[in-house]
Colleague: 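Here you go, one structure.
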Amino acid sequence: MNTLYLYTIVGVGLFTLGLYALLIHSDLLRKILAINIMGSGVFLILVALAARTQGAVPDPVPHAMVITGIVVAVSATALALALVIRVRTKVGHANLPEQSLE
Amino acid sequence: MLSFLLPQRVKLLGLLIAAGVVAAVAALGWQVAELGAQRYAIGGWGAPLGIDLYADGLSLLMLMVNAVVCLGVSVYSTGYFNRAYFRRSRAIYFWPLWMFLWAALNALFLSSDIFNLYVTLELLGLSAVALVALAGGADALTSAMRYLLINLLGSLFYLLGVALLYHRFGSLDITILSQHIEPSPAVWVAMGLMTSGLLLKTALFPMHFWLPAAHASAPAPVSALLSALVVKASFYIFLRLWLEIFPVDSSVFGELLGVLGAIAIFWGGVQALRQTRLKMLIAYSTVAQLGYLFLAFPMASYFAWKGALFILLSHALAKTAMFMAAGNILHFGGHDRIQDFDHVVQYQPLTSAAFALAGISIMGLPPSGGFIGKWLLLEAAINSGQWWLVIIIIMGGLLAAAYIFKVIGYAFTQSRKSHQTRRVPIRMEWTALILAIAAILLGLIAPWPLAIMDIGLPFSGEAAG
Amino acid sequence: MEAMTSLPLMTLMQLLFDTLLGFALLWLGWRALASPDLFQAIVLFIAFGLLMAIVWVRLDAPDVALAEAAIGAGLTGALLLTTLARLEAKNRSKSALEKKHKVWLMTENVKLKTASFLWLMVILMLLVSGLVYAVLTLQEQTFELQMLVSKNLESSGVSNPVTAVLLNFRGYDTLLEMSVLLLALLGVWSFGGIPKPHESLPGPVLNMLSRLLIPLLIIVAGYFLWVGSDAPGGAFQGGSVLGAAGVLLLLVGWRLCIRFVGLPLRIILVFGLGVFVSAAVVLIFLGRQFMEYPPSVAGALILLIEAAATLSIGITLAALFLVGRPEFRRHK
Amino acid sequence: MEIFYLSIAFFLLLTLLAGLWRVLRGPTAADRMLAAQLFGTTAVACVLLLAQAFERPVLRDVALIFALLAAVTAIAFVRRAWASGEHSDAAK
């Protein structure tokens, strides 16, 4: 056991927080923020677990995975933001209509 | 063998590439058929360090149906996106996006690395979203937005599962994982996460809410792709994980999936019957057909898997044909309200034939591909004594018959309103028809794909029963 | 690090630091998602990104920290701010009534029934406890893969393990990832034109600043590219710094001349991916596996690929920042 | 010596959180953005201290990026968000 597990738990917390916000908000920009925070949670878990053995050099493979993940996330965010602007110009508001929660 | 495609941004070089990829898939198919399952180490590093590509019967079949459908869609799109209906600025973006989607699918079916699968999933999801949004209307944009969020959410769930698996076993390769796997809390949670993420993307019953709107509001060739292939891609990953990594004998979970699948068949069928617009009807029909795929899980036997897979293949072909037919009708009459169909059969005999033939496969009448799939499922259900599944499979077929005859009925009759009509490029009609014929043919040549499924023995866990 | 952990005081301090950082992260995340004002939410999100980068530093993942600082906090933040500004600019042109109520700006919580809210809570709780349980019961780390990486590091042509994994061992992932980036740009472009934001000419201070900053950013991008092979850094970090330079250019109202916007821009955009793929394919004809770099030239090859990738990534990110197709005009 | 650096980093983290208060309270968008900029500066210091504490000089590069990118965000704010941000705050 070591303090780095703390970060893993924080990661779990962020993931859940993001999920909650994603479901509860109807504002699109906020949903995108929520997805990003969820993603950060996942990345945090990945990297924190990679360093969980005390004193050892952390495993580089998850680091590479997270960098890939960050780039994917920024691409998705950019696409989503452009889509938000389109939705707003076409529909007139930046919310998802009903049904956003199953 | 290389299925990465550079974005051909300039114009319709697309067709050329399409032909090239089909040839590549054929070559790979020959290789796999002759030599058994193939493994290819990218960069020459080999599995734990690098990324392996892996092709066995399962991936080969997916690739083949992928190639057929994609070729069809490519040909169809040359007609569809050349119309005045679409502004040129939109049409030129279709091709690169479409090529990305196709490349993502090919990469996905070949990969044997769970993180690599995540990246391909994202590639697939983003290109699919952009393609849906291409339609440009308010509906399309809103559903594209929802689709995007759903996709990202599903991917994150999947990725978290990958993270746990990696940290438990120190590898990302499916084969290596399957050798090391053993039940532990981390594995169960990872399985739960990956399953829910993938099921969300596959739109199994309670999580299907995003599908009809997204599939119905996209441009016709895109709807065809989404229904035929994109949802199947996440199902494919799910199947791979389920068969190879996770212990198959978790029967409670399998039962649950089966029940959800059964509800999906009913719900999708009933909803489809209630729709007034053709594309919505077809989209709900997809929800129902996806339900069949999950019926195999409670049985988990050799025949059941094959049956589900067969349904998957024939549905891919038939559904593409259906959406294309819908696109033709939409283009011809300017609308797709089922009640206002006006002598569609008379004006578009080819399209109507395509729709009817595809319908035969969806309903599961002999000699179509859908029939063989359902037959295998039925046999498996009877063998394992699960009679409720038998009833569901038959009921599902009846429901499908009901909604398809509804459409065909209106297509024959005259509508009270008259409409302006436009000519549909003949190749759009022919491709729809050819794909529908392919769906029927799949039933006639059934032994052949069934034999391919055995290559590499993806279902080896079960004795042939 | 080993020497430090022996000191009890040091451990305590570390624990304190970790706890504070962890809670700050959670709190920021929560506030960013719950704050009633969107602008505030975005600022908080940027701050969240900064803290994330500090966490990466703490977790001994400098490569990730660099990527997060540049992309996560920097570019995503700028992107969000621009989007918000555009949405607001749009909003202002709307009817006065809507403006007054600012319907869409407010947090509109979906009105959940208490029952479904409870269900949601139960599910989330289950999720949290399951995850925490799973994480805490994880067995000891396996080091096989890590050892493999360090064993093969020599023949990969670079000495930074993360770069080796990204560009060589798992180069295929990176290839696909660059496609994702390019795809996002294509997607954005395919949405068509976008509402023009209101723009004023940059003042003298901004002009000065950008004149200073842009060359600096470009140099730094080159620096990261160069050190990437044996120290943290590499194509993505360099690329995103370059992207930041591009963003800055766009911000001060600089626009490309029309004849560069068409084909040349697109060629640059696909350049990175193109070099990557062609390097990989050429190797096949040389009798090797796809993407199998011969150890003797691996270093040079990777640098070449990275250089191309940096350029493309930078330009792609900058273009993404425009949130729409480049406008065919010259700003003067 | 490491303990000293780490303590200061801890302290800086505390001040950082204090700055957060400004972000939350506003009252204008500019206040919030300035606070976020302060955030950035503090984070630079924090990372530098950590670099010393863990004896990882490469971390200084991270600080470098922080400093550079903070400028870009600030300009993004000034150029695009300020005008509209001011409006929305004035309306409150």
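Computed from a predicted structure; not experimentally measured.
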Colleague: Roughly how far, to the nearest 0.5 Å, is the CG atom of B:Leu148 from the CD1 atom of A:Ile32?
Modeller: 7.5 Å

Colleague: How many angstroms lie between atom CZ of A:Arg86 and atom CE of B:Met145, to the nearest 0.5 angstrom?
Modeller: 13.5 Å

Colleague: How far apart are the closest heavy atoms of A:Phe43 and B:Leu159, and which atoms are they?
Modeller: CE2-CD2, 3.9 Å

Colleague: Hey, what do you get for CG (A:Leu22) to CG (B:Leu156), rounding to the nearest 0.5 Å?
Modeller: 9.5 Å

Colleague: Counting C-beta onward and ignoring hydrogens, is there a side-chain heavy-atom pair between A:Val61 and B:Phe115 closer than 4.5 Å?
Modeller: no

Colleague: For a 4.5 angstrom cut-off between non-hydrogen side-chain atoms, does B:His167 reach A:Leu46?
Modeller: yes

Colleague: For B:Thr142 versus A:Val87, what's the shortest heavy-atom pair and its separation?
Modeller: N-CG2, 4.4 Å

Colleague: With rounding to the nearest 0.5 Å, note down the distance linking CG in B:Leu152 to CE in A:Met38.
Modeller: 9.5 Å

Colleague: Rounded to the nearest 0.5 Å, how far does CD1 of A:Ile35 lie from CG of B:Leu153?
Modeller: 5.5 Å

Colleague: With a 4.5 Å cut-off on side-chain heavy atoms, are B:Phe157 and A:Leu19 touching?
Modeller: yes

Colleague: Carefully, step by step, assess A:Thr68 and B:Tyr118 under the rule side chain to side chain contact (heavy atoms under 4.5 Å, CB included).
Modeller: CA-CA 10 Å; A:Thr68 307; B:Tyr118 160 76; 5.8 Å; no

Colleague: Does the side chain to side chain contact (heavy atoms under 4.5 Å, CB included) test come out yes or no for A:Leu28 and B:Arg146, once each step is laid out?
Modeller: CA-CA 9 Å; A:Leu28 285 177; B:Arg146 181 174 296 125; over 6 Å; no

Colleague: Is there a side chain to side chain contact (heavy atoms under 4.5 Å, CB included) between A:Leu83 and B:Val129? Walk through the geometry before answering.
Modeller: CA-CA 10 Å; A:Leu83 199 49; B:Val129 167; 4.0 Å; yes

